[in-house]
Protein chains: 2
Amino acid sequence: MIIGQRNRLQYIILGLLNQRPQTGYDLAKAFENEIGEFWQAQHSQIYPMLKRMETSGDITHEDTVTGEKLAKKQYSLTPAGHAKLVAWVSEPSPELSATKDEFILKLYFIKTAADPRLQPMLQEQAVLHRAQLAHLKQRRETVFPNQTAIDQAYGHYLILDHAIGREQYYVDWLEKFLR
Amino acid sequence: MIIGQRNRLQYIILGLLNQRPQTGYDLAKAFENEIGEFWQAQHSQIYPMLKRMETSGDITHEDTVTGEKLAKKQYSLTPAGHAKLVAWVSEPSPELSATKDEFILKLYFIKTAADPRLQPMLQEQAVLHRAQLAHLKQRRETVFPNQTAIDQAYGHYLILDHAIGREQYYVDWLEKFLR
DNA sequence: CCTTACATGTAATAAGTTACATGATTGT
DNA sequence: ACAATCATGTAACTTATTACATGTAAGG
């Protein structure tokens, strides 16, 4: 089975499983939480990918049971999977990030500063991004209460810090144009 | 022919054609230049979409010829298309922007600040984002040399300003962790 | 002449979303 | 009991990318 060269989801899953063995459900949660700011994937994309990756020999699973009979599949890396992960992280990342922002696009079609739709649009986004910023800051406080926590998951700290800064910029930018 | 509810590309094309009648080629350029920071689409996605949109009555085209025989299709909005555009811009945009950033994800899998891969990775990205920042600033200078230019395409100015600020933040953030 | 840009399309594949479908466990 | 969460999967559809394919126009 051939897995395409640019299958980024695959590498992200390898990275997540390298941290600790996890179920598909756990992975889906990670895409909502810690890495959701920079990559998204639904469980309907994750489960088939896990099967493909197991077939190609990069991961394996162990069946476990929770409670009386709830079956779980705990996936973990094979040596081949680990090697593939290391190679991916070491590779250059020459592509600038791809953003799809529908709101900003709408702004593009606002021709003058006096357009009556402009201020309500900015207000709406300010509410949204202020909430997101507060949420991310809250997460930083709970996940990284001290330096020890930071040192033990430095990458996680970095991306959370980046996400917070990005949201802060977004809010500041909106406020620059709010009347 | 049913065009799905969330077909965002369609609305973006409506917005671009509302500015002035354009060819598919022109639209593809716009996705590389002025709006490329916030949405991407290739010509292979654009040409079929233009056909669908014409079939559904939102746009029409006029055949023109450049030079001796180079055929072009100049697309423009119908009243129905214009109405659809106005409705889209006025709608709320409750979804936060979706970003896919492979580099930041790789950082997530760097466990400690001492990892020897970290600094080269940050350096590489700094080169990339500094270049992008310089490019965007250059564009602002040429496209908006004075207040009149800003007033006449305010939305365009806004999104270019946003993109510059975003890149500036990215560079600043990288430099915060560079040794 | 030759290269770059203009111009339009289709085919094949890959990636991603939404909906459908089912069942167990935990906490209230 | 009931709701929320845990847990796994497939089906149908939409969206997006890469490659294939062709030809004209403009500038040096």
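Keep in mind that the numbers below use all heavy atoms, side chains included, and drop hydrogens, waters and symmetry copies. Letters A, B, ... mirror the listed sequences (proteins, then strands); counts begin at 1.
In this model, no donor atom of one side chain and acceptor atom of the other lie less than 3.5 Å apart for A:Gln74 and A:His61. Side chains of A:Lys100 and B:Ser97: a donor-acceptor N/O pair is absent below 3.5 angstrom, by distance only. No hydrogens or angles considered: nothing links the side chains of A:Gln147 and A:Gln152 as a donor-acceptor pair under 3.5 Å.
Side-chain nitrogen and oxygen atoms of B:Gln42 include at least one within less than 4.0 Å of the OP1 or OP2 phosphate oxygen of D:dT17. An OP1 or OP2 oxygen of C:dT8 is reached within less than 4.0 angstrom by a side-chain nitrogen or oxygen of B:Tyr47. A close approach under 4.0 Å does occur between a side-chain nitrogen or oxygen of A:Lys100 and OP1 or OP2 of D:dA16.
Comparing D:dA7, C:dG16, C:dT8 by their closest approach to the side chain of B:Tyr25 singles out C:dT8. Listed nucleotides: D:dG9, D:dT15, C:dA7. Nearest to the side chain of A:Lys73: D:dG9. Distances were taken from every side-chain heavy atom of A:Arg52 (C-beta onward) to each of C:dA15, D:dT17, C:dA7; the shortest belongs to C:dA15.
Residue A:Asp63 is out of contact with every strand shown, counting any heavy-atom pair closer than 4.0 Å.
Rounded to an integer number of Å, the gap from OH of A:Tyr75 to P of D:dA7 is 14 Å. Computed from coordinates, the A:Leu50 CG to D:dA7 P distance equals 14 Å when rounded to whole Å. With rounding to whole Å, B:Arg8 atom CZ is found 10 Å from D:dT15 atom C1'. Per the geometry, NE2 belonging to A:His43 stands 16 Å off P belonging to D:dT5, to the nearest Å. Rounded to a whole Å, the CD atom of B:Gln40 is 13 Å from the P atom of C:dG16. Remark: C1' of C:dG16 and CZ of A:Arg6 are 17 Å apart, rounded to the nearest angstrom. Going from atom CD of B:Gln22 over to atom P of C:dC6 covers 13 Å, rounded to whole Å. Nucleotide D:dA7 holds its P atom 15 Å from the NE2 atom of A:His61, rounded to whole Å.
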- Task: Test B:Asp63 against B:Lys73 for salt bridge (charged side-chain N to carboxylate O under 4.0 Å, His left out), laying out the working first.
- Result: CA-CA 5 Å; B:Asp63 290 303; B:Lys73 294 184 182 175; 5.4 Å; no
- Task: Test B:Glu37 against B:Arg139 for salt bridge (charged side-chain N to carboxylate O under 4.0 Å, His left out), laying out the working first.
- Result: CA-CA 13 Å; B:Glu37 293 289 320; B:Arg139 244 200 15 229; 6.0 Å; no
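Relative orientation of the A:Phe144 and A:Tyr157 rings is perpendicular, given thresholds of 30° and 60° on the angle between their planes.
In this structure B:Glu175 satisfies the salt bridge (charged side-chain N to carboxylate O under 4.0 Å, His left out) test together with B:Arg130, sequence neighbours excluded.
When each of B:Pro48 and A:Gln45 is assigned the nucleotide of DNA chain C with its nearest heavy atom, B:Pro48 is the one assigned upstream, toward the 5' end.
Annotation: the terminal axes of the helix from C:dC1-D:dG28 to C:dT28-D:dA1 meet at 40°, where each axis is the rotation carrying the C1' atoms of four end pairs onto the next four (5 pairs per end, rounded to 10°).
Contact of B:Ser44 with D:dT18 (side chain to base): a donor-acceptor pair of N or O atoms is detected under 3.5 Å.
Geometrically, B:Lys72 does not engage B:Tyr75 in a cation-pi contact defined by less than 6.0 Å to the ring centre and at most 45° from the axis.
Between atom CG of residue A:Leu96 and atom CD of residue B:Glu102 there is a gap of 12.0 Å, rounded to the nearest 0.5 Å.
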- Using a 4.0 Å heavy-atom cut-off, write out nucleotides 23-28 of chain C from 5' to 3' as B (base contacted by protein), S (sugar-phosphate only) or - (no contact). BSS---
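A side-chain hydrogen bond (donor to acceptor under 3.5 Å, both in side chains) with B:Glu167 is found for one member of B:His135, B:His129, B:Gln132 and no other, namely B:His129.
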